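Everything below concerns the one structure shown next.
Predicted model only: the values in this text are computed from it and were never measured. Below, each value reflects all heavy atoms present in this structure, side chains not excepted, and no hydrogens, waters or symmetry copies.
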Amino acid sequence: MTSTLARVAISQSELFREWSEADIARLVEASEVLRLESGTLLHGPGETVPFLYLIASGSLRMSLRTGSNREFAFRLRFAGDFLGLGPLLSGEPFVYTVTCRGQTHLVRIPGPFLKDMLVRNGRLAVAMFAGFNRRHRNMIALYANASTGSLRARLASLLGLIANASGHATNEIEVLQDELAELLGTRRQGVNRELRALEKLGVLALEYGRIVIADRAALQELAILPTPAPLP
């Protein structure tokens with residue numbers, strides 16, 4: 001069961017989609033699956049972690065503390081996403097705190113094993129860094145959205161980015177309004193008002209603990225920046 005979960009997570013990750021079946025099989029054999037409960041602290045700032053994580057199910061919350069000791073979330077990562085590639089390759093520690101949102105399954109790939117594969121086969125490295133570049137592009141769009149435009153446009157952009165987080169477009173987003181407000185640097189009341197307005201327009205539907213996008217094209221028209229297209 002765990003090896004099947006690892007194989008699915010690795011083969012579907014944007015980092016390894018161009019890898020051969022034999023190379024993916026080697027990663028699966030070297031990896032392990034972690035089952036973590038909601039609220040579990042995965043890693044904190046200052047920790048050097050020799051692993052790459054793939055989110056098989058569930059999601060992770062990434063947060064930072066400001067100079068005034070206030071904690072704020074700056075990113076949510078969902079199933080299909082990855083974590084830790086930058087710190088792994090650079091050898092630098094995490095600068096943020098990572099906790100689980102709900103029960104989460106992670107595929108943990110040993111860093112030394114992965115780096116050895118990349119050193120031995122440059123083709124694998126090129127394919128993997130193409131996926132990393134897509135992450136970088138999405139992050140730039142996310143931060144640009146967070147600092148410009150109306151709240152409705154920023155919210156539409158953020159929902160689009162979250163919906164495409166795993167590289168496969170989805171119409172159901174498991175996210176709380178408090179989390180959206182935190183990510184946008186605003187109050188929950190304002191987010192709720194805009195979500196209700198979008199619901200009346202038929203753009204989305206609000207359900208407990210999640211948002212269902214009813215009209216993706218309309219959501220895209222409201223967004224500040226074009227949402228990156230999902231991978232094929």
Going by distance alone, is a donor N or O of one side chain under 3.5 Å from an acceptor N or O of the other, for Arg61 and Thr99?
-> no
Taking NZ, NE, NH1 and NH2 as the nitrogens, is one of them in Arg26 or Glu29 under 4.0 Å from a carboxylate oxygen of the other?
-> no
Worked check of side-chain contact (heavy atoms from CB on, under 4.5 Å) between Arg77 and Ile55 | CA-CA 8 Å; Arg77 292 190 174 175; Ile55 306 175; 3.7 Å; yes
Glu47 side chain vs Gly44 backbone, donor-acceptor pair below 3.5 Å | yes
Give a yes or no on whether a salt bridge exists between Arg123 and Asp23, defined as a side-chain N under 4.0 angstrom from a carboxylate O.
-> yes
Does the side chain of Arg188 come within less than 4.5 Å of Leu180's, by heavy atoms?
-> no
Between Leu15, Leu5, Val28, which is the residue that forms a side chain to side chain contact (heavy atoms under 4.5 Å, CB included) with Ile10?
-> Val28
Is Glu174 salt-bridged to Arg101, cutoff N-O under 4.0 Å?
-> no
Taking C-beta and beyond as the side chain, do Ser11 and Ile24 meet within less than 4.5 Å on heavy atoms?
-> yes
Point-to-point distance, once rounded to the nearest 0.5 Å, from CG of Leu83 to CG of Leu54 = 9.5 Å
More than 12 heavy atoms of other residues, nucleotides or ligands under 6.0 Å from CD of Glu37: is that the case?
-> yes
Spacing of CG belonging to Leu201 relative to CZ belonging to Arg196, to within rounding of 0.5 Å = 13.5 Å
Shortest non-hydrogen pair, Pro45 vs Thr97, comes out as CD-OG1, 3.2 Å
Please report the closest heavy-atom contact between Asp215 and Gly202, naming both atoms and the distance.
-> CB-O, 3.9 Å
With sequence neighbours excluded, tell me which residues meet side chain to side chain contact (heavy atoms under 4.5 Å, CB included) with Arg187.
-> Gln189
Report, as yes or no, whether the 6.0 Å neighbourhood of atom CD on Glu32 holds more than 12 heavy atoms from other residues, nucleotides or ligands.
-> yes
Looking only at atom types and distance, does a side-chain atom of Arg152 sit under 3.5 Å from a main-chain N or O of Leu222, one as donor and one as acceptor?
-> no
Look up atom CG in Leu42 and atom CG in Leu106, then write down how far apart they are to the nearest 0.5 Å.
-> 6.0 Å
Under-4.0 Å salt bridge between Glu14 and Arg17 | no
CZ on Arg75 to CG on Leu183, rounded to 0.5 Å = 9.5 Å
Taking Ser31 for its side chain and Leu27 for its backbone only, find out whether a donor-acceptor pair lies under 3.5 Å.
-> yes
Indicate if Phe129 and Leu114 have the same hydrophobic cluster label, given that clusters are the connected sets of ILVMFWY residues with side-chain heavy-atom separations under 4.5 angstrom.
-> yes
Would you check if Val49 and Leu88 make a side-chain contact, meaning some heavy-atom pair closer than 4.5 Å?
-> no
Does the Ser38 side chain pair with the main chain of Gly102, one donor and one acceptor, at a distance under 3.5 Å?
-> yes
Nearest-0.5 Å distance, CD of residue Glu199 to CG of residue Asn192 | 9.5 Å
Given the side-chain rings of Tyr53 and His43, with only the six-membered ring counted for Trp, is the space between their centroids under 6.0 Å?
-> yes
Would Leu76 and Glu179 satisfy side-chain contact (heavy atoms from CB on, under 4.5 Å), going step by step from the backbone distance to the final call?
-> CA-CA 9 Å; Leu76 302 179; Glu179 294 173 321; 4.1 Å; yes
Taken to the nearest 0.5 Å, the spacing of Leu64 CG from Phe94 CZ works out to 12.0 Å
